[in-house]
Amino acid sequence: MNKDLLNLIPSAEETRQTTAESEELKRRIVSINKQIERAKADGRRRTCVISNGEKFEHVLKEMYTTKGYTFCPTGYCGGVWQLTTDICW
(Lines give C-alpha, C1' and ligand atoms only; values in the text may rest on other atoms or scores of the structure.)
Protein backbone atom coordinates (compact mmCIF):
# COMPACT_ATOMS: atom_id res chain seq x y z
CA MET A 1 0.00 0.00 0.00
CA ASN A 2 1.37 3.43 -0.98
CA LYS A 3 1.79 5.53 2.22
CA ASP A 4 1.82 8.81 0.26
CA LEU A 5 -1.61 8.07 -1.15
CA LEU A 6 -2.88 6.87 2.21
CA ASN A 7 -1.84 10.19 3.79
CA LEU A 8 -4.16 12.01 1.39
CA ILE A 9 -7.18 10.49 3.12
CA PRO A 10 -8.17 12.19 6.40
CA SER A 11 -9.00 9.93 9.31
CA ALA A 12 -12.63 9.48 10.29
CA GLU A 13 -11.89 11.40 13.53
CA GLU A 14 -10.47 14.36 11.56
CA THR A 15 -13.57 14.39 9.36
CA ARG A 16 -15.92 14.29 12.38
CA GLN A 17 -13.98 17.08 14.13
CA THR A 18 -13.98 19.32 11.06
CA THR A 19 -17.72 18.82 10.55
CA ALA A 20 -18.51 19.49 14.23
CA GLU A 21 -16.42 22.68 14.31
CA SER A 22 -17.93 23.88 11.06
CA GLU A 23 -21.46 23.37 12.39
CA GLU A 24 -20.61 25.08 15.69
CA LEU A 25 -19.14 28.06 13.82
CA LYS A 26 -22.29 28.30 11.64
CA ARG A 27 -24.49 28.31 14.77
CA ARG A 28 -22.35 31.05 16.32
CA ILE A 29 -22.58 33.21 13.18
CA VAL A 30 -26.38 32.84 13.09
CA SER A 31 -26.51 33.82 16.77
CA ILE A 32 -24.36 36.92 16.24
CA ASN A 33 -26.46 37.96 13.24
CA LYS A 34 -29.63 37.71 15.38
CA GLN A 35 -27.99 39.82 18.10
CA ILE A 36 -27.06 42.45 15.51
CA GLU A 37 -30.63 42.54 14.16
CA ARG A 38 -32.07 42.99 17.68
CA ALA A 39 -29.62 45.81 18.41
CA LYS A 40 -30.43 47.51 15.08
CA ALA A 41 -34.14 47.28 15.88
CA ASP A 42 -33.42 49.10 19.18
CA GLY A 43 -31.52 51.82 17.31
CA ARG A 44 -28.07 50.79 18.56
CA ARG A 45 -24.90 50.66 16.46
CA ARG A 46 -23.06 48.08 18.56
CA THR A 47 -23.76 45.00 20.63
CA CYS A 48 -21.80 42.65 22.88
CA VAL A 49 -21.09 39.43 21.00
CA ILE A 50 -17.82 37.81 22.00
CA SER A 51 -16.57 36.67 25.40
CA ASN A 52 -12.86 36.94 26.07
CA GLY A 53 -11.20 33.69 24.99
CA GLU A 54 -14.20 32.32 23.07
CA LYS A 55 -13.30 29.28 20.98
CA PHE A 56 -13.78 30.96 17.58
CA GLU A 57 -12.97 34.54 18.69
CA HIS A 58 -10.15 35.10 16.18
CA VAL A 59 -12.02 33.48 13.27
CA LEU A 60 -15.25 35.38 13.98
CA LYS A 61 -13.45 38.71 14.25
CA GLU A 62 -11.59 38.08 11.00
CA MET A 63 -14.77 37.09 9.15
CA TYR A 64 -16.85 40.05 10.35
CA THR A 65 -13.98 42.51 9.86
CA THR A 66 -13.80 41.37 6.23
CA LYS A 67 -17.46 42.41 5.92
CA GLY A 68 -16.74 45.90 7.33
CA TYR A 69 -17.61 45.44 11.01
CA THR A 70 -15.27 46.66 13.75
CA PHE A 71 -14.68 45.40 17.29
CA CYS A 72 -13.97 47.19 20.55
CA PRO A 73 -13.95 46.28 24.24
CA THR A 74 -17.38 46.50 25.88
CA GLY A 75 -15.88 48.69 28.60
CA TYR A 76 -17.46 49.49 31.94
CA CYS A 77 -20.99 48.41 32.77
CA GLY A 78 -22.33 49.33 36.19
CA GLY A 79 -18.82 50.32 37.29
CA VAL A 80 -17.36 46.92 36.42
CA TRP A 81 -14.95 46.36 33.52
CA GLN A 82 -16.43 43.72 31.20
CA LEU A 83 -14.24 41.04 29.64
CA THR A 84 -16.30 41.01 26.45
CA THR A 85 -16.06 42.52 22.99
CA ASP A 86 -18.66 44.55 21.10
CA ILE A 87 -19.22 44.37 17.37
CA CYS A 88 -19.86 47.77 15.79
CA TRP A 89 -21.35 48.75 12.44
Side-chain angles (χ1 to χ4, degrees):
M1 183 178 298
N2 188 330
K3 290 232 184 232
D4 290 334
L5 293 176
L6 188 59
N7 287 335
L8 293 174
I9 303 170
S11 71
E13 179 59 32
E14 290 171 326
T15 302
R16 280 191 297 274
Q17 184 66 25
T18 303
T19 303
E21 286 183 357
S22 159
E23 289 301 315
E24 187 178 346
L25 186 57
K26 284 180 192 175
R27 283 192 298 275
R28 192 65 185 103
I29 290 169
V30 168
S31 174
I32 290 172
N33 290 343
K34 286 179 183 177
Q35 286 178 262
I36 290 170
E37 287 304 314
R38 283 193 298 271
K40 281 176 35 181
D42 290 342
R44 294 181 283 144
R45 296 189 47 84
R46 66 190 283 168
T47 189
C48 177
V49 293
I50 298 178
S51 298
N52 189 20
E54 182 175 321
K55 182 175 182 180
F56 295 112
E57 179 179 2
H58 178 71
V59 174
L60 289 167
K61 283 182 177 181
E62 185 177 315
M63 292 171 74
Y64 278 92
T65 300
T66 300
K67 290 291 197 166
Y69 292 87
T70 58
F71 292 87
C72 63
T74 301
Y76 286 97
C77 185
V80 178
W81 182 259
Q82 304 300 305
L83 296 176
T84 54
T85 301
D86 285 5
I87 188 169
C88 309
W89 55 91

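In this structure, the separation between CZ on F71 and SG on C88 is 8.5 Å, given to the nearest 0.5 Å. Atom CZ of residue F56 and atom NZ of residue K61 lie 15.5 Å apart, to the nearest 0.5 angstrom. Rounding to the nearest 0.5 angstrom, the gap separating the CD1 atom in I50 from the CD1 atom in I32 is 5.0 Å. Between atom CD1 of residue I87 and atom CZ of residue R46 there is a gap of 11.5 Å, rounded to the nearest 0.5 Å. In this structure, CG in D4 is found 7.5 Å from CG in L8, a value given to the nearest 0.5 Å.
Here the rule is salt bridge (charged side-chain N to carboxylate O under 4.0 Å, His left out) with D42, and of R38, R44, K40 only R44 fits it.
Heavy atoms from other residues, nucleotides or ligands lying under 6.0 Å from NZ of K55 number more than 12.
Annotation: side chain of T65 is not in contact with side chain of T70 (no heavy-atom distance under 4.5 Å). Looking at heavy atoms from C-beta onward, Y64 lies in side-chain contact with I29 at the 4.5 angstrom threshold.
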Is there a side-chain contact (heavy atoms from CB on, under 4.5 Å) between D86 and V49? Walk through the geometry before answering.
CA-CA 6 Å; D86 285 5; V49 293; over 6 Å; no

Give the C-alpha distance, both sets of side-chain angles, the deciding distance and a yes or no for salt bridge (charged side-chain N to carboxylate O under 4.0 Å, His left out) between E23 and K26.
CA-CA 5 Å; E23 289 301 315; K26 284 180 192 175; 3.5 Å; yes

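Without hydrogens or angle criteria, T74 side chain to T84 main chain gives a donor-acceptor distance under 3.5 Å. Proximity of a side-chain donor or acceptor of R45 to a complementary backbone N or O of W89 within less than 3.5 Å is detected. In this structure, Q35 contributes its side chain and T47 its backbone to no donor-acceptor pair below 3.5 Å.
Hydrophobic clustering places Y76 together with L83 (ILVMFWY residues linked when any side-chain heavy atoms are closer than 4.5 Å, directly or through intermediates).
Contact detail for W81 and G75: the closest heavy-atom pair is CZ3-CA, 3.3 Å.
For the pair R27 and E24, the salt-bridge criterion is not met [side-chain N within less than 4.0 Å of a carboxylate O].
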